[in-house]
Amino acid sequence: MDKIILTGDRPTGRLHVGHYVGSLRRRVELQNSGEYKKIFIMIADAQALTDNFDNPEKVRENIIEVALDYMSCGLDPAKSNLFIQSQIPELCEMTTYYMNLVTVSRLQRNPTVKNEIQLRNFETSIPVGFFSYPISQASDITAFKATTVPVGDDQLPMIEQTREIVHKFNSIYAPVLVEPEALLPETEACRRLPGTDGQAKMSKSLNNCIYLADDADDVRKKIMSMYTDPLHLLVSDPGHLEGNTVFTYLDAFCRDEHFQRYLPDYANLDELKAHYQRGGLGDVKVKKFLNNVVQETLEPIRQRRKELEKDIPAVYEVLKKGCEVARQEAAQTLSEMKRAMRINYFEDAELIQAQAAKYSGQAAK
Ligand code: TRP
């Protein structure tokens, strides 16, 4: 039991079902597996500011949204430490030292950063903070000596960068840091849940997300208007599964037991898919089934959220306590790092004595 988890999310909006199947559901399972010595779940506000520095209110308001989403999914503060990145100044100190170990060209090659630079039209004027966020992310992970980082595959380049930094630090100074491993979502559908309109990315501006906090009616409406197979015009027409959002969602959400409860004519998803492909199965029937499955998943989350919303100060208190614990942990690692880097002058009595001896020797001559 020496495994440690660290992961987190940028607080730029409420969390949606893509976050849920891609990571949140897994985190709760890992938390409850009892296999981890420590679990740190971080709200990455400092990272969110790297591309929202001109909109701090957005980040500020979404701290509580993300915390509520976390806890309503079942992340339990008694088992998982929930904290806010910006409240741990040790992370910034670590980043300063890690910057020595990374080249500009290495950062330029990071595919996720490349992608995001394009997305944000930063090409001609990339803020340094944004450009170097993979280094700051290495601090997030190493400060807690995380062995395991549950993330989506867009984060793999960050884990790779972290591993390189760890390797370099440990070989130059002393073996203080731990090389983390990514833990990816189980299936392709969980890895890349599309928007309800079939677009690859879920985003607030496209209005194609199902949020964990959406009420039952909104969820039903979003599901009933989901993108399916544009060639499947008549019920009798053969349907296609490729790019069919409803089936991708079923891949991510449904289990055999859901068929017994809501669609007992079929034993499992394979049978449903086969019928759809043969023809004779209408979209509405499949959507209604998906709606039942998703509602069953989201209902307990919504209920817990309602309870938590009754005592918002208590949620901030959870985060505050989490920050205290996280800070102690990060301070311990930083102190080991500084010793390894030979910048621990005042706690090193030998250094002071040796320098004193050198100079008293000189004085005697
Ligand atoms: N980059 C992550 C995201 O965009 C958030 C994040 C920041 C993170 N630091 C981290 C994830 C450390 C895992 C580990 O969602």
Side-chain angles (χ1 to χ4, degrees), residues 3-16 18-24 26-27 30-31 36 38-52 58-59 62-63 65-67 69-70 73 75 80-88 90-92 94-95 98 107 110-117 119-120 129-166 177-185 190-193 201-204 209 322-323 326 329-330 333:
K3 291 194 289 182
I4 297 175
I5 288 178
L6 176 122
T7 187
D9 300 274
R10 297 182 192 182
T12 51
R14 288 184 164 187
L15 301 182
H16 51 61
H19 295 111
Y20 182 73
V21 297
S23 173
L24 290 171
R26 184 65 155 314
R27 288 183 207 172
L30 296 171
Q31 166 193 275
Y36 292 85
K38 295 176 194 162
I39 302 178
F40 296 94
I41 311 286
M42 180 183 79
I43 302 181
D45 62 338
Q47 191 177 103
L49 285 168
T50 64
D51 63 337
N52 289 281
K58 169 169 149 191
V59 174
N62 280 303
I63 300 274
E65 298 300 334
V66 173
D69 285 332
Y70 279 167
C73 282
L75 288 174
S80 295
N81 200 64
L82 310 181
F83 73 98
I84 308 174
Q85 184 183 27
S86 64
Q87 305 306 298
I88 319 298
E90 285 78 6
L91 297 177
C92 303
M94 288 180 187
T95 302
Y98 292 164
L107 286 173
N110 185 311
T112 303
V113 176
K114 257 192 194 166
N115 216 338
E116 289 175 317
I117 286 173
L119 246 127
R120 289 164 180 72
F130 181 81
F131 184 61
S132 55
Y133 91 73
I135 306 180
S136 133
Q137 190 155 337
S139 305
D140 304 337
I141 296 169
T142 54
F144 304 95
K145 301 199 171 166
T147 55
T148 314
V149 187
V151 279
D153 52 3
D154 63 319
Q155 296 296 305
L156 278 177
M158 307 300 158
I159 313 294
E160 200 42 50
Q161 177 74 79
T162 304
R163 292 168 62 89
E164 286 173 30
I165 291 174
V166 168
L177 304 176
V178 176
E179 267 187 52
E181 271 175 40
L183 193 61
L184 295 176
C190 296
R191 241 169 261 178
R192 284 181 226 283
L193 199 71
K201 216 129 175 94
M202 261 190 247
S203 90
K204 194 173 173 178
C209 309
C323 288
E329 204 74 28
T333 305

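Nothing fancy with the numbering, it's 1 onward along the sequence. Both counts, for ligands and for their atoms, begin at 1 and track the order of listing. Reckoned from all heavy atoms, side chains included, excluding hydrogens, waters and symmetry mates. Bear in mind that the values here come from a model prediction, so they are computed numbers and not experimental data.
Contacts of Gln155 with ligand 1, taken as heavy-atom pairs under 4.0 Å, involve the side chain alone. At a heavy-atom distance under 4.0 Å, only side-chain atoms of Met42, from C-beta outward, approach ligand 1.
The contact set between ligand 1 and Leu6, taken as ligand atoms under 4.0 Å from a residue heavy atom, comprises 12 (C), 14 (C). Residue contact check: Val149 has heavy atoms under 4.0 Å from atoms 13 (C), 14 (C) of ligand 1. In summary, the atoms of ligand 1 found under 4.0 Å from a heavy atom of Ala44, numbered by their order in the structure, are 7 (C). Counting the atoms of ligand 1 from 1 in the order shown, those under 4.0 Å from a heavy atom of Thr7 are 13 (C). Short contacts between ligand 1 and Val151, defined as distances under 4.0 Å to a heavy atom of the residue, involve ligand atoms 13 (C).
At least one donor-acceptor pair closer than 3.5 Å links the side chain of Ser139 to the backbone N or O of Thr95. At least one donor-acceptor pair under 3.5 Å links the side chain of Thr147 to the backbone N or O of Ile4.
Protein heavy atom nearest atom 4 (O) of ligand 1, with residue, atom name and distance: Arg10 NE, 3.1 Å. Looking only at protein heavy atoms, the nearest one to atom 8 (C) of ligand 1 is Gln137 NE2, 3.4 Å.
If you check each of Glu116, Gln47, Gln85 against atom 1 (N) of ligand 1, the one with the closest non-hydrogen atom is Gln47. Nearest-heavy-atom check against atom 9 (N) of ligand 1 across Thr142, Leu91, Asp140 picks out Asp140.
Judged by the 6.0 Å and 45° rule, Arg120 forms no cation-pi pair with Phe130.
Contact detail for Thr142 and Thr333: the closest heavy-atom pair is O-CG2, 3.7 Å.
Side chains of Ser80 and Tyr70: a donor-acceptor N/O pair is absent below 3.5 angstrom, by distance only.
When side chains are defined from C-beta on, Asn81 does not count as touching Lys38, because their heavy atoms never get closer than 4.5 Å. For the pair Leu75 and Ile39, the minimum side-chain heavy-atom distance is 4.5 Å or more.
In summary, of the residues considered (Arg14, Lys204, Lys58), a salt bridge (charged side-chain N to carboxylate O under 4.0 Å, His left out) with Glu65 occurs for Arg14 alone.
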